[in-house]
Enquirer: 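First, the structure itself, so that you have it in front of you.
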Amino acid sequence: MIRTLSHFFILFCLAGTACKPVHQEVIESGRHDSLPPPEVQSKTVYTVLSNNCFSCHQGGKYGAPDWGQINSINDLDLFASTSRIKKGDPEGSNLLRRAMHGPGDQSMPPSSTDFLKEDYLILYNWIKNLPAASDMVDGPPPPQVQENAFTVVQTYCLNCHNGGGGPSWGNIQNISQFISFAYSGSVRLKPGKPAESTIILRMKHGVGDQSMPPGASDLSQQQYQIVFDWIQELPEAQTGGPTGPPPIPTDVYNRIARSSGEKLRIGDRRFVASVLNQILGASSKTTVDKYVLSRTSKFGGSCDRLNSYTHSYPTVQRCNEPGLSLTSKLIDVDLVNIEAPRLPDSNTVREGLRVLTCKQSLLSDNTALTNLIQQVKGSGDTSFLQTNPRMSSDDVIKMYRLFYPGRDPKVPILNALLAVSDEAQTRPLAPVGANGTSFESWRYVALTLCKAPDWQME
Amino acid sequence: MKNISRRDLIALFGVGGLGSVVHNPYNYLFQILKNGLIQQAHAQSMGQSAKNYIVFLQYGAPPRWYWDGFLNPTGDASEMVANGCVKNYITSAQQKYNGNRLDMDYRQSGVHNYQKNGVNKQLYMPALWDVALPRHNGTTAVVDAESPLMRSLLNNALIIRGVSMGVDIGHVRGPELVLRPSPARNSITGSVAELNQGVIPAVGMTGSALPYLGYKSLKQVSMAITRGGTNGPLFDLFEPFVTTQTGTHISTNKANELLMESAMNSALQEMKDYAAARRPGSDVLFDTVKSSEDMFKEASSKLLNLPTVFTTLKNRYSDLIAQSKQAVPGLIPPPEDITSQTDLFSSGFAVAEFMIINGFSSSCTFDAGSNMNIGDFFDDTGVRRSVGYYNDEHQHGDRQHIAATCHFTYRSFMACLNLFKERIGATHWNNTVVQLSSEYGRTPRNDGTGSDHSPGSNVFTAFSGSIKQCIPIGNIYKDKAGGNVGTFGLAAPTSIAGITAPVVITKEMAVNTIASLVGVQPIIETATTLIETDATNGWKSRTEDPKNV
């Protein structure tokens, strides 16, 4: 704690202001509103967060939620827009509720390292002085906000993205078309979720050639904020609008892709089994049941452990299945992992079982692969492979979407998958389809996607 | 040096280009071994590590009066009364049957000398601590002159008697309290798993009965494996890594050797790359790389022969248990094979040994069961009675029965523990904590027909090489035995450093104490821990010496 404090002082003094710490003033005056200049304040806030929080919340160590990359004071704006902070309302912000008032193990920082009151006040003042987010949740943003945002986008983005060389966003000529684009389900723009929208991430965080706009013409903070606020204020679902997101294959996908902030529930064997069953088809059901659905504790997702550990697949019993006696309901609950996370996390055995499922389905014969091709191509006729065995970009993207519902591959990943497709052609052609058809490109791209570790990290 | 997260690590493992996609069946096996080494090095460099935590959970287990209850630690003769609550089925005054005297009472038989703060102390022991533990003489399990006495393990023991569990929530949830005293908190097993980041986060092995394992963790899961099955529990756990894409077991043959070598070299190369990459743990890993080829070969050969490896490991322990049974005086061994029943300890120790030596996991919970039939004996009246422990000993109130089951159960456990200590070696032993828990103590029924739950008189006992002197803790009442003469270990207030008045030791304190020993954060921050580090002896108690009040 001494160390933390001295860091704080040093940084504070280096910032070029009076070396009397602001927290003393705050305490002496009993007021919360005496503040240093904004840039000093940002630095101080960053230091406080860095000293108290980041050792766990950057990278999600010790099981702490990952707050994402907050690498400098410039990233505080984004952080301030997350659910942990309610702008203008320190008492209502989770960040401070945890920092000061959390009961028991919810108190942060955990255990012995208490939050300094000084640090607390710095965060308090920062949040209090953040411009309060508008309460626009149910209705669309005011026309002026939309117009301003569209002007920025028109000026900085559409030159390239309206067919001018960059990836096309469609033909966006007016505000109405821009709003339609916002609700087209694109990852670039997620209504109500600026921090998850690629357009914002690229504007703010992009590095190298991913930073937008390209070249030296950066957006000003104000311009950036205009777009940010507009997305923030867009209702998540468009009411009465002509187009919603495109239909998603199953309700499972629906739940996942649409649920706010929830990642792929790789820790839930039911979910994984349903995804794999859909992608690999009926011929792989036995394999999926054996290695995924029946391995409750190894995957996560509770309530039928008694059956799962004896491998009595596919008889899988559920906690509250009708007909179970009360005793059965009580004892069938997976007491080991009942509260185990359905979070994406590494779990070697789980990975192993999934890889085994992928291998057995895709390497043993071509049935599952054909089912996959059918979903990508819209037809189970694989005769095209005789003349054109390599996968096109379009094929790869479509296959990627099967594994990552609602997402498109990033460019480097797409390129890597295409490279796999090409290189696979140089491998021995086994097992060979009818008439010497080579399935290898499809097989290895599918296998790569199926067993990739980031399947659960995305 | 970039500080990378676990997520980065996993992503890094995935980078292998097409090489990682090629269906060499050995690839995944070596990738797992490699990942384990990198993760260990990473965790070590981040300063995170807890001891290995091996816990056996018994439910409905025999009373611990004869073993670690230490009902009379000060040896005061006036307190050495027989527990009148325990009915004596033997009608004659000689307490004998079949000509053998069975008097393994909880009376003290000897004194254990230990030191605390440089002061010599004495602990009066129940008679059982003076029995010899079966050992392997190279070919078979024997009890001979070279057999160690059970008391030889006392200096590695932390014994907290008279722990108040607070509530009696029955068998289903009861054992949880030992690992996780509050539903809101991580369990000790979960905390260890998260801190150590083993290849396998945590292992929970069930017996024939319900999985009473109080596991909880924020992010990890506990792998449930079953004791039985054709190929044994290790295969159950490692199945995905030793199964080919056609569903068969990977087998070593000439054709596969080249593939294996290629996969091993590829994994070794990735390790070298990591070691050269100046990532956290690179320095640690650099030393490991040198010896890892041999290790890979050894570990992979073990993994490839899991059923055999497990049987060999387990039989070593089973032999000791069978020998322990032979040594119970007057016992007539049952005609049936008792292998499945002695699996309880032997399977657990076998799995723990495999996990620790190979570094696969450091958090293991084993169901030590509740239903063990060890044989019969004839009482003085000529009635043949079966010996075993069932259902809290509800139906067994006779002293012979209790003496026999306690003798067998705890002697078996200690013999296995002694072998386990030898098998894993001094370094691992110093870094390992083994605990045998029952969910409650036992209270004798007033009418002498058996015993029942006693949430107020539990015992927490843990063994570790990091303990160099015996640490006995906890006061008990000597006269609150339900109207009977004697004691069965009901918790009494104990003086604890930092607490003004003596207080009854709660499960929260006991669990925190185990957490201290294992090296994880306190499970319940508001409760104290009963031990602190000691330069000479590793650990020492923060309480007064145990006495009866």
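Everything quoted here is computed from the prediction, not taken from an experiment. Only this structure's heavy atoms are used, side chains among them; waters, hydrogens and symmetry mates stay out. Lettering follows sequence order; numbering is per chain, from 1.
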Enquirer: Which pair of heavy atoms, one from B:Pro240 and one from A:Gly352, lies closest together, and at what distance?
Expert: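 It is CB-C, 3.3 Å.
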Enquirer: Just so I understand: if I count every heavy-atom pair under 4.5 Å between each of A:Thr287, A:Val355, A:Leu356 and chain B, which residue has the most?
Expert: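 The candidate making the most pairs under 4.5 Å is A:Leu356.
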Enquirer: Side-chain contact, heavy-atom cut-off 4.5 Å: B:Thr243 with A:Gln360?
Expert: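 A side-chain contact under 4.5 Å exists here.
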